[in-house]
Enquirer: 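Below you'll find the structure I mean.
These values consider heavy atoms only, across backbone and side chains, with no hydrogens, waters or symmetry-generated copies.
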Amino acid sequence: MDMQRIMLRGKLHQARVTHAELNYEGSCAIDQDLLDAVNIREYEQIDIYNIENGERFHTYAISGERGSRMISLNGAAARKAAVGDRIIICAYAPMSEQQIEGYKPSLVYLDADNNIVRTSKDIPLQLA
């Protein structure tokens, strides 16, 4: 049996919510430049973790205006965070044991204005 594991594929770390649109169709509009940087596709499932209040939820990405640095939570997702909240946006993928060997995710770190400050393939080791 070829076991599959669900692995982190990419994340936008400490993104800031710029809009919360309760009456807009679509779940999370993300600046297309940021989607490209982390290799998340439009309509792909994403998980969002709100650093401010602990909310964690599934939704999907839609393309936001390129260069706008927007992170817009729309529809029901707009109830999960306020404008200015720091969030982590993650995408995952199933992988076989062979695919996992040597695999590293795409990690994109943002500043308070959603500008990319660095990228990485490694999360630092957490020390006790």
Side-chain angles (χ1 to χ4, degrees):
M1 181 171 126
D2 187 30
M3 184 172 75
Q4 298 276 302
R5 296 181 188 263
I6 306 299
M7 302 296 290
L8 176 66
R9 200 173 51 67
K11 79 171 179 174
L12 292 169
H13 192 72
Q14 296 214 16
R16 294 279 178 156
V17 176
T18 61
H19 300 77
E21 304 289 343
L22 185 60
N23 295 311
Y24 189 85
E25 183 178 352
S27 258
C28 184
I30 302 170
D31 177 329
Q32 186 61 53
D33 288 338
L34 298 176
L35 290 175
D36 292 347
V38 75
N39 193 26
I40 293 175
R41 302 286 301 266
E42 188 167 35
Y43 310 119
E44 183 173 354
Q45 179 178 316
I46 54 176
D47 285 354
I48 297 180
Y49 312 124
N50 188 328
I51 296 166
E52 311 302 336
N53 66 19
E55 287 280 357
R56 300 167 71 91
F57 58 98
H58 304 291
T59 190
Y60 60 94
I62 60 174
S63 181
E65 180 182 358
R66 191 177 288 282
S68 67
R69 297 300 178 245
M70 89 169 354
I71 304 289
S72 181
L73 296 179
N74 302 319
R79 299 263 191 219
K80 301 290 189 177
V83 171
D85 281 1
R86 293 172 302 147
I87 61 174
I88 300 168
I89 301 171
C90 294
Y92 298 88
M95 296 183 184
S96 68
E97 292 294 328
Q98 294 79 19
Q99 290 171 309
I100 292 170
E101 192 66 36
Y103 172 77
K104 299 286 185 173
S106 295
L107 310 172
V108 177
Y109 297 85
L110 304 176
D111 67 12
D113 296 316
N114 291 335
N115 295 302
I116 297 171
V117 294
R118 72 182 175 94
T119 61
S120 181
K121 293 285 189 182
D122 292 300
I123 295 174
L125 176 66
Q126 184 173 343
L127 302 174

Enquirer: Before giving the answer on salt bridge (Lys or Arg N to Asp or Glu O under 4.0 Å), spell out for Asp47 and Arg56 the whole-Å C-alpha distance, their side-chain angles and the decisive distance to 0.1 Å.
Expert: CA-CA 7 Å; Asp47 285 354; Arg56 300 167 71 91; over 6 Å; no
Enquirer: Measure across Arg69 and Asp33 and return the closest heavy-atom pair with its distance rounded to 0.1 Å.
Expert: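 Nearest heavy atoms, Arg69 then Asp33: NH1-CB, 3.6 Å.
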Enquirer: Between Asn114 and Leu34, what is the shortest heavy-atom contact and its length?
Expert: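 Heavy-atom minimum between the residues: O-CD2, 3.9 Å.
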Enquirer: For a quick test of reading the model, state the closest non-hydrogen atom pair linking Ile40 to Ala91 and the distance between them.
Expert: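 Closest approach of Ile40 to Ala91, heavy atoms only: CG1-CB, 4.0 Å.
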Enquirer: Rounded to the nearest 0.5 Å, what separation is found between the SG atom of Cys90 and the NE2 atom of His58?
Expert: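 That separation rounds to 11.5 Å.
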Enquirer: Quick check against the 3.5 Å criterion: does Glu52 have a side-chain atom that pairs as donor or acceptor with the backbone of Asp85?
Expert: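 No: the side chain of Glu52 does not pair with the backbone of Asp85.
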Enquirer: Checking side-chain contact (heavy atoms from CB on, under 4.5 Å) between Ile62 and each of Glu44, Glu42, Glu25, which is the one that passes?
Expert: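 Running side-chain contact (heavy atoms from CB on, under 4.5 Å) over Glu44, Glu42, Glu25 with Ile62 returns exactly one hit, Glu42.
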Enquirer: I'd like to know if the side chain of Arg16 reaches the main chain of Asp113, judged simply by a donor and an acceptor atom lying under 3.5 Å from each other, with no hydrogens or angles considered.
Expert: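 No: the side chain of Arg16 does not pair with the backbone of Asp113.
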Enquirer: Taking the side chain from Thr18 and the backbone from Ile71, do they hold a donor-acceptor pair closer than 3.5 Å?
Expert: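 Flag set: sc Thr18 to bb Ile71 pair under 3.5 Å.
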Enquirer: Around atom OH of Tyr43, are there more than 12 heavy atoms from other residues, nucleotides or ligands closer than 6.0 Å?
Expert: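 Open.
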Enquirer: Would Ile116 and Ile89 show up in the same hydrophobic cluster when neighbours are defined by side-chain heavy atoms closer than 4.5 Å?
Expert: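 Yes; tracing contacts between hydrophobic side chains, which count when under 4.5 Å, links both residues.
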Enquirer: Please give me the minimum heavy-atom distance between Arg86 and Asn50, naming the atom from each residue.
Expert: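 It is O-OD1, 3.5 Å.
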Enquirer: Tell me the closest heavy-atom pair linking Ala61 and Arg41, and the distance in Å.
Expert: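 Heavy-atom minimum between the residues: CB-O, 4.0 Å.
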Enquirer: Under 6.0 Å from the OH atom of Tyr24, do we count more than 12 heavy atoms belonging to anything else shown?
Expert: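 Open: at most 12 neighbouring heavy atoms sit under 6.0 Å from OH of Tyr24.
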Enquirer: Using only atom types and a distance under 3.5 Å, with no angle test, would you say the side chain of Asp31 pairs donor to acceptor with the backbone of Gly67?
Expert: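 Judged by distance alone, yes, a pair lies under 3.5 Å.
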